[in-house]
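The structure under discussion appears below in the form of structure tokens.
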Amino acid sequence: MLFNNDELPQDCHKVCNRILQAFAIALEIKKEEGGKHYFEERHKYDVPCGSILRLLKYPKGGNSEQDEVIRAGSHSDYGSITLLFQHGIPGLEVQASRTNWISAPCIPGAILVNVGDQMEFWTGGRFKSTKHRVVFLPEHAQHDRYSIAYFCHANDQVPLDVIPSMVLENNDINQGQKVKTAGEHLQERLEETYKFSETSA
Ligand SMILES: O=C(O)CCC(=O)C(=O)O
Ligand SMILES: [Fe+2]
């Protein structure tokens, strides 16, 4: 039933826009610039963008005896925010401080929200694109791990320049640097990833 229509990604997108409203309020974006709707206006569901829903399965097996067994390597997500639904089996670790890894436990009914690269550009680094990874835990030997991720991206044409926020001290933080669009940033990150796979294939 879940896959007969577009309901799940649409609902995820609505949740993301509510979170982005809260961010816009916290960032005190001026009313004449869009106020709390600033990000929503740049995240229209039917306009081309990199948003994607992914269903992930980490098959059971193996063992965690070896040091540093990583199931998904350290990375940041490319979009604005990511919703992550973990079900029963943990394994995700996040680097909130950018130094130490902390595990993100499964909290029943909770959705984990990661900040992505676009939000870091828009806030001139005030919001950090969360580094995260998935590690092998002893329970993974016996149980498959499933997660669902909704990667929410701004529309392709949206520039990743610093937003008109009253709480960012210096709105010219990125001055002098070429401003990329959301679509260009996605393309760059995908090329980096696939260049590596092609040369190592
Ligand atoms: O499966 C998870 O918990 C995280 C997956 C993830 O970070 C990703 O696919 O970008
Ligand atoms: Fe991720």
Practice task
Could you tell me whether a side-chain N or O of R126 sits under 3.5 Å from a main-chain N or O of V167, the two making a donor and an acceptor?
Solution key: yes
Practice task
Kindly say whether K60 contributes a backbone atom to a donor-acceptor pair with the side chain of D144 at under 3.5 angstrom?
Solution key: yes
Exercise for the section: Tell me, yes or no, whether the heavy-atom count around Q142 atom CD, taken from other residues, nucleotides or ligands under 6.0 Å, exceeds 12. Expected result: no
Practice task
Give a yes or no on whether I89 and W101 share a hydrophobic cluster (residues Ile, Leu, Val, Met, Phe, Trp, Tyr; joining criterion: side-chain heavy atoms under 4.5 Å apart).
Solution key: no
Handout entry: Pair Q118-R42, side-chain contact (heavy atoms from CB on, under 4.5 Å): steps then yes or no
Key = CA-CA 12 Å; Q118 294 174 353; R42 287 156 179 80; over 6 Å; no
Exercise for the section: Please round to the nearest 0.5 Å and tell me the distance separating atom CD of E120 and atom OG1 of T130. Expected result: 9.0 Å
Problem - Donor-acceptor contact below 3.5 Å, side chain R145 vs main chain P90 - result: yes
Problem - K131 side, atom NZ; D77 side, atom CG - distance, nearest 0.5 Å - result: 10.5 Å
Handout entry: Any donor-acceptor pair under 3.5 Å from H43 side chain to K14 backbone
Key = no
Exercise for the section: Check whether any side-chain N or O of T181 sits under 3.5 Å from a backbone N or O of Q157 as a donor-acceptor pair, and report yes or no. Expected result: no
Handout entry: Verdict with reasoning, M119 to L20, per side-chain contact (heavy atoms from CB on, under 4.5 Å)
Key = CA-CA 10 Å; M119 195 54 71; L20 291 167; 3.4 Å; yes
Exercise for the section: Give the cluster check for L168 versus V115: same hydrophobic cluster or not, with ILVMFWY residues linked at side-chain heavy-atom distances below 4.5 Å. Expected result: yes
Fill in the blank from the handout: Which of I81, T82, L83 passes side-chain contact (heavy atoms from CB on, under 4.5 Å) with N114? Answer is T82
Completion exercise
For L160 and A182 the tightest heavy-atom approach is CG-N, 3.9 Å
Problem - Same apolar cluster (I L V M F W Y, side chains within < 4.5 Å links), L56/L112 - result: yes
Exercise for the section: Look at the side-chain heavy atoms of Ile, Leu, Val, Met, Phe, Trp and Tyr, link any pair under 4.5 Å apart, and say whether V113 and W122 land in one connected group. Expected result: yes
Fill in the blank from the handout: Scanning both residues in full, the closest heavy-atom pair of C49 with H153 reads CB-O, 4.0 Å
Handout entry: Short side-chain to backbone donor-acceptor contact, H87 and F85, under 3.5 Å
Key = no
Practice task
Spell out, as yes or no, whether a donor-acceptor pair under 3.5 Å connects the side chain of Q95 to the backbone of S74.
Solution key: no
Exercise for the section: Could you tell me if the ring centre of Y58 sits under 6.0 Å from that of H140? Expected result: no
Exercise for the section: Could you check if a side-chain atom of E93 sits within less than 4.5 angstrom of a side-chain atom of H132, using non-hydrogen atoms only? Expected result: no
